[in-house]
J.: 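This is the structure I have questions about; it appears just below.
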Number of protein chains: 2
Amino acid sequence: MAELSTSKEKQILSVAIQVFLERGFHGAKMQEIADRAGVNKAMLHYYFRSKDRLYAMIFEKLFMEFMNSIADSFEAEGDLALTLKHFINSIIDRLRQTPDLPLFVARELSWGGPVVYKTIRRMLQKNRFKTPQIILDEIENAKQRGEIDSSLDPVQFIFTLVGSCIYPFLARPIVESIFPELIENWETLLEQRKEAVFRVLYYGIKGEGTNA
Amino acid sequence: MAELSTSKEKQILSVAIQVFLERGFHGAKMQEIADRAGVNKAMLHYYFRSKDRLYAMIFEKLFMEFMNSIADSFEAEGDLALTLKHFINSIIDRLRQTPDLPLFVARELSWGGPVVYKTIRRMLQKNRFKTPQIILDEIENAKQRGEIDSSLDPVQFIFTLVGSCIYPFLARPIVESIFPELIENWETLLEQRKEAVFRVLYYGIKGEGTNA
DNA sequence: GTCTATAAGTCGATAGAC
DNA sequence: GTCTATCGACTTATAGAC
């Protein structure tokens, strides 16, 4: 709505995003936001009225950012292999800039407060989420050319595709607690992941459907 | 520690597990647990002393249940294909009985309260988590027989394997809010998923590593 | 063991001086 | 616009009667 005029307002908002990302709505405290922003707690209410309103603003921004990260990564690149590669590289590079985003979205949606419901209902009405039509088309083409198995379930495949890319970000806290050495090379792991996901998925759908 | 003697004690614990699963530590309220268990709020403190202690007990149980779901699903079945199939079927069937479990673990670990740290440190000391050695061995064997590409990164593959099975449970709230019709057939989707994951992953690692 | 009533603490929100 | 002080709602926890 209103422009973010003051620099202090932007400062608060930027810190609040971080705190909500890390802790979620219930875990986030106005006091911590104020402390980390270097301002008084009263300032938060002066600029943003209430915790609910501050959260609503941030949830909407972050949720759209997440959905757009996925939707915008679907781009036709000529053939299935290139389109797959582009999606995988793009989504991983986008999410690595806000690695807490997937878990934040999953957590807040699973709790499902009123702000969450309203935001999604509003977004469903105006800004219809893009379906991954590009990948669906490429799959159909590849099937007809005989490039991939014609019995492939496209919904399951997209689930596997998106999941394989997002899963590391969702599972990071779990993996970190058990195998901390894996996360020390987090950036390397993500780079290698791009290649690994492409190879398994692309050659996976090229293989013949011999076995049940 | 102590035996769960009273039936009322078991009743409270069973309800508390559900509430913590749904809402996490910060979202769960003692009042709601008492109401849903049909007892007085004071009873909760009589039996479990404090919210922290009740949560600690439940977190430890649920975290172990989750880790064991994964570890126990790794079983040698003679060859790679059968071992993969068994893992996929087993982990999905176990998790479908407590579908909120993966998201609960991810959420609580990402927040990382003192109870969480203590529990994991204790488990790391005594009950060393099983590594998926069985799958690693099968992969090595299959490589030497030339059944699968020798350049396959086993860590990335296990990431993809476990992730592809767990991801639907983590992403369910997100998918449900955007494509509710997909979740209406949740059970069917999970059954189809077993087959889809096996085919993509097994034929994926059998494919030749021609392209970068 | 079970309940009511209430203490004690936390957190969001605001009043009011500057 | 900014700060201090404080209010009031909510939540955990306990005291004490039965």
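In what follows, chains carry the letters A, B, and so on, assigned in the order in which the sequence lines appear, proteins first and then strands, with residues in each chain numbered from 1.
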J.: Sorted by first residue and then second, give each side-chain hydrogen bond (donor to acceptor under 3.5 Å, both in side chains) pair with at least one member in residues 49-58 of chain A; sequence neighbours left out.
T.: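 As it turns out, the side-chain hydrogen bond (donor to acceptor under 3.5 Å, both in side chains) pairs with a partner in residues 49-58 of chain A, which skip direct neighbours, are A/Tyr55-A/Glu108.
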J.: Please report the distance, rounded to the nearest Å, between CD in A/Glu9 and P in D/dG1.
T.: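 Taking CD of A/Glu9 and P of D/dG1, I get 9 Å after rounding.
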J.: Could you check how far CG of A/Leu54 sits from C1' of C/dG12, rounded to whole Å?
T.: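 Those two atoms, CG and C1', are 12 Å apart.
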J.: Does B/Ala42 have any side chain to side chain contact (heavy atoms under 4.5 Å, CB included) partners at least two apart in sequence or in another chain, and if so, which?
T.: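 Residues passing side chain to side chain contact (heavy atoms under 4.5 Å, CB included) with B/Ala42: B/Asn40.
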J.: Would you call the rings of B/Phe198 and B/Tyr203 parallel, tilted or perpendicular, where under 30° means parallel and over 60° means perpendicular?
T.: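 Perpendicular: the ring planes of B/Phe198 and B/Tyr203 meet at over 60°.
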J.: Nearest whole Å is fine: how far is D/dC10 C1' from B/Lys51 NZ?
T.: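 It is 12 Å, rounded to the nearest whole Å.
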J.: Please list all pairs meeting side-chain hydrogen bond (donor to acceptor under 3.5 Å, both in side chains) that have one or both residues in residues 17-26 of chain A, counting only residues at least two apart or in different chains.
T.: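 Residue pairs passing side-chain hydrogen bond (donor to acceptor under 3.5 Å, both in side chains), neighbours aside: A/Glu22-A/Arg36, A/Arg23-A/Glu32.
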J.: Suppose the criterion is side-chain hydrogen bond (donor to acceptor under 3.5 Å, both in side chains): which pairs have a residue in residues 159-176 of chain B, not counting sequence neighbours?
T.: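 Every side-chain hydrogen bond (donor to acceptor under 3.5 Å, both in side chains) pair that includes a residue of residues 159-176 of chain B, provided the two are not neighbours, is A/Arg193-B/Thr160.
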J.: Pull out every residue in residues 15-32 of chain B that has a heavy atom closer than 4.0 Å to any atom of DNA chain D, ordered by number, or say none.
T.: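 Hits under 4.0 Å, by residue number: B/Ala28, B/Lys29, B/Met30.
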J.: Can you list the residues that meet the side chain to side chain contact (heavy atoms under 4.5 Å, CB included) rule with A/Asp137, with sequence neighbours excluded?
T.: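 Residues passing side chain to side chain contact (heavy atoms under 4.5 Å, CB included) with A/Asp137: A/Gln133.
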J.: Atom CG of B/Asp52 and atom P of D/dT11: how far apart are they, to the nearest Å?
T.: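 The distance from CG of B/Asp52 to P of D/dT11 comes to 16 Å, rounded to the nearest Å.
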J.: Is the shortest side-chain N/O distance from B/His45 to OP1 or OP2 of D/dT14 below 4.0 Å?
T.: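 False: B/His45 side-chain N/O out of range (4.0 Å or more) of D/dT14 OP1/OP2.
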J.: Between the protein and nucleotides 2-6 of chain C, list the N/O to N/O atom pairs that are separated by less than 3.5 angstrom.
T.:
{"residue": "C/dT2", "atom": "OP1", "partner": "B/Lys8", "partner atom": "NZ", "Å": "3.2"}
{"residue": "C/dT2", "atom": "OP2", "partner": "B/Tyr47", "partner atom": "OH", "Å": "2.9"}
{"residue": "C/dT4", "atom": "OP2", "partner": "B/Asn40", "partner atom": "ND2", "Å": "3.2"}

J.: Could you work out, with side-chain hydrogen bond (donor to acceptor under 3.5 Å, both in side chains) as the rule, every residue matching A/Ser90, not counting sequence neighbours?
T.: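 Per chain and number, A/Ser90 pairs via side-chain hydrogen bond (donor to acceptor under 3.5 Å, both in side chains) with A/Ser73, A/Arg94.
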J.: Please give, in whole Å, the distance from C/dC11 C1' to A/Ile33 CD1?
T.: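 Taking CD1 of A/Ile33 and C1' of C/dC11, I get 12 Å after rounding.
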J.: With sequence neighbours left out, what residues match A/Asp93 under side chain to side chain contact (heavy atoms under 4.5 Å, CB included)?
T.: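 A/Asp93: side chain to side chain contact (heavy atoms under 4.5 Å, CB included) contacts with A/Arg96, A/Glu191, A/Lys194.
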